[in-house]
Every structure is written in C-alpha cells, then in structure tokens.
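Worksheet: the structure to be examined is printed underneath.
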Amino acid sequence: MTTPNKTINVSSLGNLAQILPYLLGHYPDDSIAFHAPGPDFHDGPIMTCPLPEDPAEWQAEAKTAARRFVAYAHTQGHNPDQGVIIYLCREPRPGQSPAETAAVLAPLATWITDELIEHRADVLQTIGLVANRWWAYECNIDGCCEGEPLPSPDDPTSVVAQMTRLGRTPGPRTRDIIKEFQATADPDFLKDLHAAASRFNAQCATNAGRDATLTMTCGQIDDVMSQFRRGATALDRHLTTQLIVGLQDDGAVEAGMTHAEDDDLPHARRLWGYLARHCAEPFTHEAVPILTLFAFVAWRQGDLIAARLALREAITTDPDYDLATGIHLATIDGEDPRELLAAAHEGRAERMEHLQQADRVASEYRPTDTNAAHYRDALDAATANHLVHILTDDGQLLARQGTIDIIGGALTDFRNGRPQLMDEVAARIILGLQDRQTRDAALSTGAENDLTYERQLWGYLARHCVPPHTDKAPPLLTLLGWVAWRQGDTLTASHALTDALDIDPDYRLAELLLAGIRTEFDPAPILAMFREEATRFHASRTDLDTL
C-alpha cells in the first residue's frame, strides 16, 4: 500500500488483518467487507455490508453481498477476477468466546466464496476479525492462522506502527460512529411521541390540514436551527415530538435540507442527530427522513463514513425511501452534494409559494374563528327544524323549492351590494343544499355577469360551515368550484373541489368536476347538461299546486 512517495508494507496475514480500518476509514462492527486490491493495494473498490444479528439470515445475506460487490467492482472499472479479500467482522456475544464466534463465521466464508466464484471472482483471502484477533479461513492447517492477536503497535513492521510514522490513525469503530444518531428508549418520551403522531395524522387528514402543518413545521425548523446556531444541544419535549412527526412530510425534509450551507453544517448535524436519537422502537420508521438529513449534512462535510452508516440504517428500515437511496447512490458515484442542496432551495421556494397561494385561495371559503359561535348556534338550531320538514316526500319537494327561492333572494341581495345574510337564512340554505337535487338546481347555469355574485354567495356560505358542521361544506365548495371553473379560475376551482373531497372522499360531483379540470375538459358541454336539468327542475314547480 502506498501513499505519496511512501510505502506501507503489507507482507503478512497479520498486517492484512490489521489494515482494514485504515482502508475503510472506520472499523466495521458486525459486517462483511470486500476489498479488491488495486496496483497500490489500498486502491481498488471496497464495500461493506451489515451482518444480521441472526446467523440464520447469513447465507442469504452472503450471496446478496457478494453479488452486490461484483456489480460494484465492475462499475468502478475493476475486474474481480484479479483478486478479492473478504473480511468478516463480529464481536463475541455474551457467553461466547472469540474462537466460538470465529467458528460461527466459518460457513459465511464458504457461502461468500462460492458465490464470488459463481461470478468469476478470485478470492485471495478471507479474514475473520474477532476481539482483536484474526483467523484466515483459507488456511487448512489445524491450529495455524487461528485466533492470532493483531500485530502489536510496538512491532515496527506492524501496519499500526507504519501508519503512526506517517501521522495516520485508524478510523473509529462503527459502534462509536453510530452513537451520534442511534436511538435510545425513553418510555415517557415515546408516549408523548405517540400522542404527537396521532395529532399529526388527524391534522393531515385534509389538504388544508397538511398545508397548515407543513407551514408550521418549516417555521419550527428555521426556529430550532437558530437555537442550535446559538449553541443549543437539546429542545423541549413538545417541540422535539412535533419536529419528528412533522418531518414525515417530504416538504419538511426538503426544507431541512436547505440548512446545509457551509456555516450551518455543524449545527444541522447536531440537530438531526439529536432528533434521530429520540426515534426508538416502535418509532424507528419516523427516524428514516431524519437519518437521511443527517447523512446529507455528513456528506456535505465530507464525512462519507457517517453518511453511509446513517443511510444504511435508513434504507434497512425503509428500502423504499427514495431520497435515502438517491443520496446513497450519489455518494458512491462521487456526485457533488451542492447540486442537491441547490435543488432543495429551489424546491422549497416553489413549495412555499404554493402554500402561500393555497392559503390566499382558501381564504375565500375556509371558516375562521370570526363569528364561529354564531354560525354554529344557527346551524344547530336550524338542523332539528329542517329534519322535521323533510320526513315526507311532499316535505322534501317543498324544502327543495323553498331553498331555491331563498337562494334567489340571497343572490338579489348580493347583486344589490348587500353581500351578507342573516345567520338563520344562511343556515337554512346550507341545510337545504345537502339534498343533491337541490344542489343540482342551484348549479350555476345563468349568464356570465351573474357568476361573481354566485361565487360570493357560495364562499360566504362555506365559511359558515364551522365545526362540528364541517361535513356540510362539500355542496358549497362544489358549487364554488363549478363557478370558478366557469370563470376560468381553475386554481381556485381545484382547491375548492379538492377540499370538498377531503371532507367527503365519495362526493361524486366534486370528483367529476375536478377530473374535468385536470384533464382540461371544456366545461361547455357540462354547462349545457346542467341547464337542461335546471329547466326540468323549474318545470316541476307546477307540482306544488297539487300539494
């Protein structure tokens, strides 16, 4: 092994065993390591794969790891038929001696060798590293190359002595590196995290809730980064749980990635490590995006070992998490993390613009706290009375025509510059529109110059659908969406119809109109159909004379 103008002699199996943490930059606990030496020995592809705790899983893991290494070696322009060295690293478990651990590893050496040979690779040596001792599994002489201690640093020919003379130190052990982000259980904290996750899921049940939660999480990320820049190393429990669950949103992860500028790297690394350490079972899945953020920061710092270890844990927990997989491949391919950082900044800016736009659009129809108590009381009082009147077919017919008459009067008020109604009138219209025939009769079919007033009315009524009457909003939102589409405002229409479907996923008319907008369908044929239905409805008014 050479360094510029200097040479490291690897002239014995003991030195070969001792050099691994210098090759990798760390000592891989419980791992399989592959090295295909290049012209200077230390160059050439090298890869580690985690070794499962259960030996029953080793045969499958051995074959998979061998195939991955062969494929990786070829991508690096190296033919593994020039020779591969295998390292098997495992520490004795409680009650197990080093020799017993080495014996347990022996079949693994055979499985890996057989698989590499199947792929035309030549195995030079398979070294077992257990408790600072080494075993060479290719040696068939009993008692030879079994359990030898690693060369002493006092031996001037040892790799350690040679590296020390060059001012180099061995990399840390895996178990020491992962302490930075490895979770530890705190039962009380996990109870709080469970409660936070339940609240998060409830809040994100609708698009509006997701948008509001994402906006809040992005603000919290900015705030805690400011705290960590000032030297903070911990957060209060409530904020910690909120950040962990909030980071389950891809938009929040993207916002987190933007805090990987040069000056922020050490602070961001502390923050993501801190959060990851709080994601113990059964919340290991929640750690995946946080581990990915930690890995991205470590990659930006040039610490590929910590980055890959964090990514390994993330991908093992969730093999389908695309961001972790993408960053892992990027570290292997030698890509520049600053390109991903720039993309994250651009993505966050676009997402924030979308959220602000959605908030502006929704302000037209989403309820606020203003007058919420009055709206609630009016709807509560009107509900019982309305139910009594629609118990019979005749009652339903009268209610439909009555609702349409009231809507006509309301629109007249809006045209005359009086864009508000008594709460009792608004409540009666809202309840009447829960009937789908009434809603269809109220669909905008009139002249273009009436659309502005219809839109004002439906938005006004939708704002009255305060909890616990939120479930009454879909007809109003659907009417608003249809009017906005007729006006060419597909942005508002899409938001209103989507919010209607958030409240009632089976609300068919909202679903059909939204599909029309997304496929850029011409609303004219739909308008013609609605006009025919409106004509039939108004013609049925003569039935009232027989009641």
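Side chains are part of it too, since the values below use all heavy atoms of this structure and drop only hydrogens, waters and symmetry mates.
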For residues 288-306, tabulate all N or O donor-acceptor pairs below 3.5 Å that involve a side-chain atom, not counting sequence neighbours.
| from | atom 1 | to | atom 2 | distance (Å) |
| --- | --- | --- | --- | --- |
| Thr292 | OG1 | Val288 | O | 2.8 |
| Arg300 | NE | Ala260 | O | 2.9 |
| Arg300 | NH2 | Ala260 | O | 3.1 |
| Arg300 | NH2 | Asp262 | OD1 | 2.5 |
| Gln301 | OE1 | Arg269 | NH1 | 2.7 |
| Asp303 | OD1 | Ala306 | N | 3.2 |
| Asp303 | OD2 | Arg269 | NH1 | 3.2 |
| Asp303 | OD2 | Arg269 | NH2 | 3.0 |

Minimal non-hydrogen separation, Ala462 against Pro367, with atom names = O-CG, 3.8 Å
What is the minimum heavy-atom distance between Thr217 and Ala252, and which atoms define it?
-> CG2-CB, 3.7 Å
Tyr321 and His285, any side-chain heavy atoms less than 4.5 Å apart | no
Ignoring hydrogens and geometry, is there a side-chain-to-backbone donor-acceptor pair from Tyr460 to Leu421 under 3.5 Å?
-> yes
Can you tell me if Gln434 uses its side chain to pair, donor with acceptor, with the backbone of Lys472 under 3.5 Å?
-> yes
Please report the shortest heavy-atom distance between Leu214 and Gly251, naming the atom on each side.
-> CD1-C, 3.6 Å
Should the pair Arg455 and Phe414 be classed as cation-pi, given the thresholds of under 6.0 Å to the six-membered ring centre and 45° from the axis?
-> no
Among pairs that include at least one residue of residues 349-370, which meet ring-ring contact (aromatic ring centres under 6.0 Å, His included), considering only residues two or more places apart or in two chains?
-> His354-His495
Expected output: side-chain Thr331 to main-chain His328 donor-acceptor under 3.5 Å | yes
Give a yes or no answer on whether the side chain of Asp333 reaches the backbone of Glu335 with a donor-acceptor pair at less than 3.5 Å.
-> no
When rounded to the nearest 0.5 Å, the distance separating CZ of Arg531 from OG of Ser444 is 8.0 Å
How would you list all residue pairs meeting ring-ring contact (aromatic ring centres under 6.0 Å, His included) that involve residues 245-268, not counting sequence neighbours?
-> none
Are there more than 12 heavy atoms of other residues, nucleotides or ligands under 6.0 Å from atom CZ of Arg436?
-> yes
Does Arg400 come within less than 4.0 Å of Asp435, counting only side-chain N to carboxylate O?
-> yes
Which value, rounded to the nearest 0.5 Å, describes the distance between Arg199 atom CZ and His194 atom NE2?
-> 10.5 Å
Indicate the atoms forming the closest heavy-atom contact of Thr403 with Gly432, along with that distance.
-> OG1-CA, 3.5 Å
Shortest non-hydrogen contact between Ile244 and Leu275, atoms and distance = CD1-O, 3.9 Å
Donor on one side chain, acceptor on other, Asn371 and His464, under 3.5 Å | no
From Cys218 atom SG to Arg348 atom CZ, the distance as rounded to the nearest 0.5 Å = 5.0 Å
Can Asp186 and His278 be counted as having a side-chain donor-acceptor contact under 3.5 angstrom?
-> no
Minimal heavy-atom distance between Phe228 and Thr233, with the atoms involved, is CZ-C, 3.8 Å
More than 12 heavy atoms from other groups under 6.0 Å of CZ on Arg338 = no
From Trp58 atom CH2 to Glu53 atom CD, the distance as rounded to the nearest 0.5 Å = 8.0 Å
Indicate yes or no for a side-chain donor-acceptor contact from Glu313 to the backbone of Leu309 under 3.5 Å, with no hydrogens or angles considered.
-> no
When rounded to the nearest 0.5 angstrom, what is the spacing between OG1 in Thr478 and CG in Asp440?
-> 10.0 Å
Scan Gln220, Gln227, Gln242 and name whichever one has a side-chain contact (heavy atoms from CB on, under 4.5 Å) with Leu235.
-> Gln227
Test applied, side-chain hydrogen bond (donor to acceptor under 3.5 Å, both in side chains); reference residue, His345; option that passes from Glu254, Glu261, Glu350 | Glu261
How many angstroms lie between atom CD1 of Ile430 and atom CZ of Arg428, to the nearest 0.5 angstrom?
-> 13.0 Å
Is a side-chain N or O of Asn416 found less than 3.5 angstrom from the main chain of Arg418, in a donor-acceptor match?
-> no
Ionic contact status for Asp359 with Arg366, cut-off 4.0 Å = no
